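Below is one structure, written out as structure tokens, with a few remarks after it.
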Amino acid sequence: MAAHSTSQQTYIDKFNPKDYLQTYYVAGEGMLFGEWTDFALQNLHETFTKGGVRGDTLLDFGTGPTIYQLISACEVFDKIIVSDFLEQNRAEFRKWLNKDPDAFDWTHIIKCVCELEGNREDWEKKATKLRSKVKEVLKCDALKRNPYDPIVVPPVDCLLSCLCLEAPCKDIKSYCEVLKNFQSLIKPGGHLLILSGLNATFYYVGKTYFSSMTTKKEELEMAFKEAGYEIEKAVYTPRIDKSKMDVGDYDTHYFIHARKPK
Ligand SMILES: C[S@@+](CC[C@H](N)C(=O)[O-])C[C@H]1O[C@@H](n2cnc3c(N)ncnc32)[C@H](O)[C@@H]1O
């Protein structure tokens, strides 16, 4: 377990979204491109199709500068709210939203989702649809009782978070506290979808080291239960490609689909 978690000030000063995208999501090269994106896109695709998760609003927590996690969701939600702790990540996300020429190129990933959906639309239409569904880009802080303080976000049908909570949380106790605080952001009977990695201790963004909370399967599931959720589905897939363990050292992908009781 990491001795301490990376401070919020380090995130503010050192987390560079361009470096993050370069390190993790460049097609064919990024550490998360391939195994992780396949895992996340497949689970989200299933959840939003045969899994029946749909509704008025989806809230993405800790969006970072990425869009991959929202592509399937835009088919089944009227409104998507994205949110991140860092202004530089929100700015990078807005670049994609506003078709800025300097925005990251997500074409390959969007095409992957179109393929999962049987090419029901071409990828450009999909990108346009996603842009039209993102209604707000908010600041959030996982460590606050109301992570959107001073804004009060009305409870949503689905809260999604990918690769985020291991960053601000120092241990499973604090992770559980965050899950408890999420309760007031979700409607009764609403969905909580968390995707991330087990047994990590760090990840690099460019040359900067960021600590990661170390989670294990049993304590993770216990945290969801203790925070008052019912677990609908839990998927664990071991990481096969270990060639970039020096960039980020998680060893298993996880997906937890939980529900707030009615
Ligand atoms: C590893 S990145 C994940 C980004 C993106 N969701 C993805 O799937 O690639 C971790 C994210 O956690 C965010 N973060 C760090 N501290 C946070 C906090 N206190 N509250 C909310 N998000 C935080 C960072 O800004 C960053 O976007």
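The structure presented is a predicted model; accordingly, all values stated were derived computationally and were not measured. Just so you know, residue 1 is the first one in the sequence shown, and it goes up from there. Indexing begins at 1, ligand by ligand and atom by atom, following the structure's order.
Salt-bridge annotation for E35 and R239: absent, with no side-chain N of the basic residue lying under 4.0 Å from a carboxylate O of the acidic one. In summary, K95 and D102 engage in a salt bridge, as defined by a charged side-chain N under 4.0 Å from a carboxylate O.
Between Y203 and ligand 1, no pair of N/O atoms sits closer than 3.5 Å. Looking at P65 next to ligand 1, no N or O pair under 3.5 Å apart turns up. The shortest N/O to N/O separation between F15 and ligand 1 does not fall below 3.5 Å. Residue-to-ligand polar distances place Y25 within reach of ligand 1: an N/O pair is separated by less than 3.5 Å.
With a 4.5 Å cut-off on side-chain heavy atoms, L220 and Y236 count as touching. Taking 4.5 Å as the limit, every side-chain heavy atom of H191 sits out of range of all side-chain heavy atoms of K260.
Y25 and Y68 have their aromatic ring centers within a separation under 6.0 angstrom. When ring centroids are compared, F61 and F182 come within the 6.0 Å threshold.
Of the N and O atoms on the side chains of Q8 and D141, at least one donor lies less than 3.5 Å from an acceptor on the other residue.
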Would V156 and L58 count as a side chain to side chain contact (heavy atoms under 4.5 Å, CB included) here? Give the steps. CA-CA 6 Å; V156 297; L58 176 134; over 6 Å; no
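Contacts between L32 and ligand 1, counted as non-hydrogen atom pairs separated by less than 4.0 Å, are absent for every part of the residue. Contact annotation for Y24 and ligand 1: no heavy atom of the residue comes within less than 4.0 Å of the ligand.
Near Q8, the atoms of ligand 1 lying under 4.0 angstrom from a non-hydrogen atom of the residue are 19 (N). Listed by atom number, the atoms of ligand 1 under 4.0 Å from D84 heavy atoms are 13 (C), 24 (C), 25 (O), 26 (C), 27 (O). Close approach of ligand 1 to F61 is summarised as follows: ligand atoms under 4.0 Å from at least one heavy atom of the residue are 21 (C). Distances below 4.0 Å separate heavy atoms of N89 from the following atoms of ligand 1: 25 (O), 26 (C), 27 (O). For ligand 1, the atoms lying closer than 4.0 Å to a non-hydrogen atom of T63 are 4 (C), 5 (C), 6 (N). Using a 4.0 Å cut-off to heavy atoms of G62, the atoms of ligand 1 that qualify are 4 (C), 5 (C), 6 (N).
For the salt bridge (charged side-chain N to carboxylate O under 4.0 Å, His left out) test, residues two or more places apart in sequence or in another chain that qualify with K233 are E46.
Evaluated by nearest non-hydrogen atom to atom 4 (C) of ligand 1, the leading choice among Y20, Y11, F85 is Y20. Of the options L163, L86, D141, the smallest heavy-atom separation from atom 3 (C) of ligand 1 is shown by L163.
Protein heavy atom closest to atom 12 (O) of ligand 1, with residue, atom name and distance, is C164 SG, 3.6 Å. Protein heavy atom closest to atom 8 (O) of ligand 1, with residue, atom name and distance, is Y68 OH, 2.6 Å. Of all protein heavy atoms, the one closest to atom 20 (N) of ligand 1 is A142 N, 2.8 Å.
Judged by the 6.0 Å distance and 45° axis criteria, K133 is not positioned over the aromatic ring of F77.
Of the possible donor and acceptor atoms, none in the side chain of D171 sits under 3.5 Å from a partner among the backbone N and O of M213.
Not a single heavy atom of F210 sits under 4.0 Å from any atom of ligand 1.
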